[in-house]
Every structure is written in C-alpha cells, then in structure tokens.
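For the numbers below, each heavy atom of this structure counts, side chains included, while hydrogens, waters and symmetry mates do not.
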Amino acid sequence: MDVPITRQQRSVGWQNKLLFTVCSMGNSTSRLYSALAKTLSSSAAVSQELLEASQHDQSEPLDPKELLDECQVALQDRPARLHRDFFSLRSESSSQQPRTFRVMQWNILAQALGEGKDNFIMCPMEALKWEERKYLILEEILMYQPDVLCLQEVDHYFDTFQPILSRLGYQCTFLAKPWSPCLDVEHNNGPDGCALFFLQDRFQLVNSAKIRLSARTLKTNQVAIAETLQCCETGRQLCFAVTHLKARTGWERFRLAQGSDLLDNLESITQGATVPLIICGDFNADPTEEVYKRFASSSLNLNSAYKLLSEDGESEPPYTTWKIRTTGESCHTLDYIWYSQHALRVNAALGLPTEEQIGPNRLPSFNYPSDHLSLVCDFSFNEDPARLL
C-alpha cells in the first residue's frame, strides 16, 4: 500500500536535493555553463572535499556578458523574445543627466506551480521545462541589468539564483512562504517565496527585515523583505521592499489587511518616510481594489511608477499579467513599483509588449518564461528642494 507523502517529508526531501545541487555546481568544463546546467539529483553522497571545491568555485565572479551569451546560445532554437523599449519620463531637458539606479520587479512563476498547479492550457508543457525556462529568466535579468532586483514565486533560489547572482556581484536575501503551495506538488524544489538582490558596488546594506504579513492579528502565508541600503556614490539611504499578497477573487479584505500591515512596518522602518522608499510586488489586486487605494493614499507619499507611462500620468497599464487557464482568460494589472514621490523621480520605464507581440496563446510561452511581465524603472534622487519633505 502506498503511504501518502506529507508536506514536511517533501520539504526534507527538498533540502537533501538542495544540498547535492549546490555542491555539484561548478564541476563541468565551463564554470558559466555549469552554474546553469546542473539539475536536481535526489540521491548522492557529498564529500567535504567536494563541498569545499564547490564553495571556492562559486566565489569566482561571473562575466554578465559571457553569461548572457551562453543563455542566448542555449535558447537559439526558441522563437525571438518579446521586444520592449525604454521610455524616457524626464520632462525637462538638461545637459547634465542625473546618476540613476535601475529597479526590476518580476513574478517569475514558481516552477512547481507552473508545471503542477496553474493549468496554463495554451502553453505547451515543453515550454515550462526548467532546463530551458531558467535561461529565459536569467536572460531577462541580464538584458536589463538591474541594480536592485525584486522577485516573487522564487522556488529555485538556492540552486540557481543565489549561486549565480551572487557571482554577478549581488547580495541576496530570500524569505520563503511558511506554507508554500509548491510543497503540495510532487518532485517540487522546495517552497517559493520573495527574494531581493542588490549590486554591492552600488549599495551597502544598512539593515534587513524579514516580515511575515498579518491580517489584523492573524499571521498569514504571505511575506515581505525590507532592506535599507546606502548608495555608495552619494551616501544617501533608501529602503527597498518586495512582497507578494494573497491571490484570488474573494480575498480583497484579506489583501487590504496584509497591505496595511506592510505599510505599518515600512512606516516604522523608514521613520515615517524620512528614508525614501521603493516597494515592488505582485499585489494580486487591480487598481480598483482597496489595497491599491490604501497605498496610493498612504502617509508615505507613494506613487505608482508605471502610471507615468500613460498619457495623463494617472492610469495604470492595461495589464501586467495575461494568461489562459481552464477557468478562462485572465488579463489584469496586478504588479506595481511604488516609490516616494517627494524624494525620488522616475527617469525611464520599460514599456509593455502589445497584445500582438504576446500572441493569442498569451503567457507563459516559448518566448516568455512567466505569466507576469517584468517591470523595470530607472530612478534618481529628486534634488528639487520644493518637493522634499
């Protein structure tokens, strides 16, 4: 008789697989390729000698251009990726351009959910295989080279994103959901969660907070990371936060409570917006929801960066996610980059692909790895004294 596997047993199995995967990286001829090509193995004996060799190899920096080239070679049989342009949002002409920093927000789609739960009926299973999908995700990150990267639904942090991005110069932080739905999927790679990465040649860590969001007094399954960083060039501080609120229709009040809890935490961390703030997240809420309105009216003086792409500067894009499931087609704006409008300005934003570019089968697809589109903005400190608090 088959004995059901519990979520705890799956989690233990994931940790055993993870130990082997991290230790096995770096053993092939190409260090760059080995950092991507190794897949999970569930049974192996790991020697201390191999572990030490692996740790030494992972300390060596990677060249982002060479890594991007390797991604593109691995993806040469895939269709062309979605073309997207940056749009300048600076209103005045200036001979001296401000020094900017780039922020990227992206729900990358947890591998276990994509293959085991999300039922993307128009996406071939072959397009969801991690062996190639990871290259698409890394290619997108390497193409835009963010200084700060905020990700949701990360379930390959320890075997892919942390080893690779740390060797590209990023400091990495991860917080798993306490009861990730990924653990319900057989052959999962562990829990998904939020991750925050920043380039250490641009910023230094001042403090870091890992937050389990509450709905009133109830601790929930959703999390956030908030890190205060100091700009290496100017010495000024900023707080970056990443989150992923509760999904699905019918949970609007729950999301409002989670969002309110996050704002309360950030109010304390930033000392009432004395430290400028950027919040990236999949809020699972369109702009008509109360949690969106709560952020827009917050005492932290936040604005949504992607509104600035609209003609009136007040409208969110028509979609940030577009997919077809067994329940039907879903096209919504759920992802946002909020920023302190008194202290920061948006200099440029990455445009969103058209419906024609996305195609009739929507997302994910052979040429885009997630059901959510990445958001990328270039920010600078606002030097106008009239706009500072």
Side-chain angles (χ1 to χ4, degrees), residues 61-68 71 81-82 84-89 98-109 134-154 156-157 160-174 194-205 208 225-234 236 238-244 276-282 304-306 308-309 320 335-340 344-353 368-370 372-381:
L62 294 174
D63 183 322
K65 185 180 182 304
E66 288 184 39
L67 187 55
L68 178 59
C71 287
R81 260 65 82 203
L82 304 179
R84 302 169 66 182
D85 293 315
F86 275 96
F87 291 88
S88 175
L89 297 171
R99 180 68 188 271
T100 62
F101 56 91
R102 178 165 290 178
V103 178
M104 184 175 190
Q105 147 61 29
W106 198 12
N107 178 332
I108 60 172
L109 175 62
K134 62 188 173 187
Y135 289 98
L136 278 175
I137 295 171
L138 287 165
E139 180 190 48
E140 180 103 344
I141 295 168
L142 291 162
M143 284 279 289
Y144 300 122
Q145 299 182 13
D147 298 300
V148 178
L149 171 64
C150 296
L151 301 180
Q152 299 85 37
E153 292 200 20
V154 180
H156 274 273
Y157 175 80
T160 300
F161 294 105
Q162 190 276 335
I164 294 171
L165 292 175
S166 65
R167 293 172 65 189
L168 289 169
Y170 288 91
Q171 184 159 326
C172 314
T173 305
F174 174 73
C194 293
L196 194 155
F197 309 85
F198 66 87
L199 282 176
Q200 297 175 86
D201 63 356
R202 295 298 312 272
F203 295 100
Q204 292 181 332
L205 180 66
S208 179
I225 302 169
E227 295 193 331
T228 302
L229 309 181
Q230 184 172 30
C231 177
C232 295
E233 183 180 10
T234 66
R236 297 176 70 170
L238 298 104
C239 179
F240 293 89
V242 55
T243 194
H244 188 187
L277 175 64
I278 292 177
I279 309 168
C280 295
D282 174 358
S304 175
Y306 263 71
L308 303 180
L309 281 179
T320 61
D335 308 273
Y336 306 96
I337 299 178
W338 296 93
Y339 69 100
S340 299
L344 301 169
R345 71 169 68 218
V346 186
N347 292 270
L350 182 65
L352 297 171
Y368 202 78
S370 177
H372 289 253
L373 295 163
S374 64
L375 308 181
V376 185
C377 290
D378 290 341
F379 289 92
S380 64
F381 289 102

(request) With sequence neighbours excluded, tell me which residues meet ring-ring contact (aromatic ring centres under 6.0 Å, His included) with Y306. (result) none
(request) Not counting sequence neighbours, which residues clear ring-ring contact (aromatic ring centres under 6.0 Å, His included) with F174? List them please. (result) Y157, F158
(request) Return the set of residues passing salt bridge (charged side-chain N to carboxylate O under 4.0 Å, His left out) with E227 (not counting sequence neighbours), or none when no residue passes. (result) none
(request) Apply side-chain hydrogen bond (donor to acceptor under 3.5 Å, both in side chains) to T320 and list each qualifying residue two or more places apart in sequence or on a separate chain. (result) D335
(message) My understanding is that only residues two or more places apart in sequence, or in another chain, count here; which of them pass side-chain hydrogen bond (donor to acceptor under 3.5 Å, both in side chains) with E233?
(response) R99
(request) Using distance alone, with no hydrogens and no angle criterion, decide if Q105 and Q152 have a side-chain donor and acceptor under 3.5 Å apart. (result) yes
(request) Anything under 30° is parallel, anything over 60° is perpendicular, the rest tilted; go ahead and classify F101 against F381. (result) tilted
(message) Below 30° counts as parallel, above 60° as perpendicular, anything between as tilted: where do the rings of Y144 and F86 land?
(response) perpendicular
(message) Are L373 and P353 packed together at the side-chain level, in the sense that at least one heavy-atom pair is separated by less than 4.5 angstrom?
(response) yes
(message) Are the side chains of F87 and L308 in contact, using a 4.5 Å heavy-atom criterion?
(response) no
How far apart are the closest heavy atoms of [X] and [Y], and which atoms are they?
| X | Y | answer |
| --- | --- | --- |
| T100 | D147 | O-OD2, 4.4 Å |
| L151 | V154 | CB-CG2, 3.5 Å |
| L199 | P146 | CD1-O, 3.8 Å |

(request) Check whether the ring centres of F379 and Y339 lie less than 6.0 Å apart, and answer yes or no. (result) yes
(message) Applying side chain to side chain contact (heavy atoms under 4.5 Å, CB included), can you list everything that pairs with A241, at least two apart in sequence or on another chain?
(response) A226, L266, I279
(message) Rounded to the nearest 0.5 Å, what separates atom CD in Q171 from atom CG in L165?
(response) 12.5 Å
(message) Using the side chain to side chain contact (heavy atoms under 4.5 Å, CB included) definition, which of the options L205, V103, T173 pairs with F198?
(response) L205
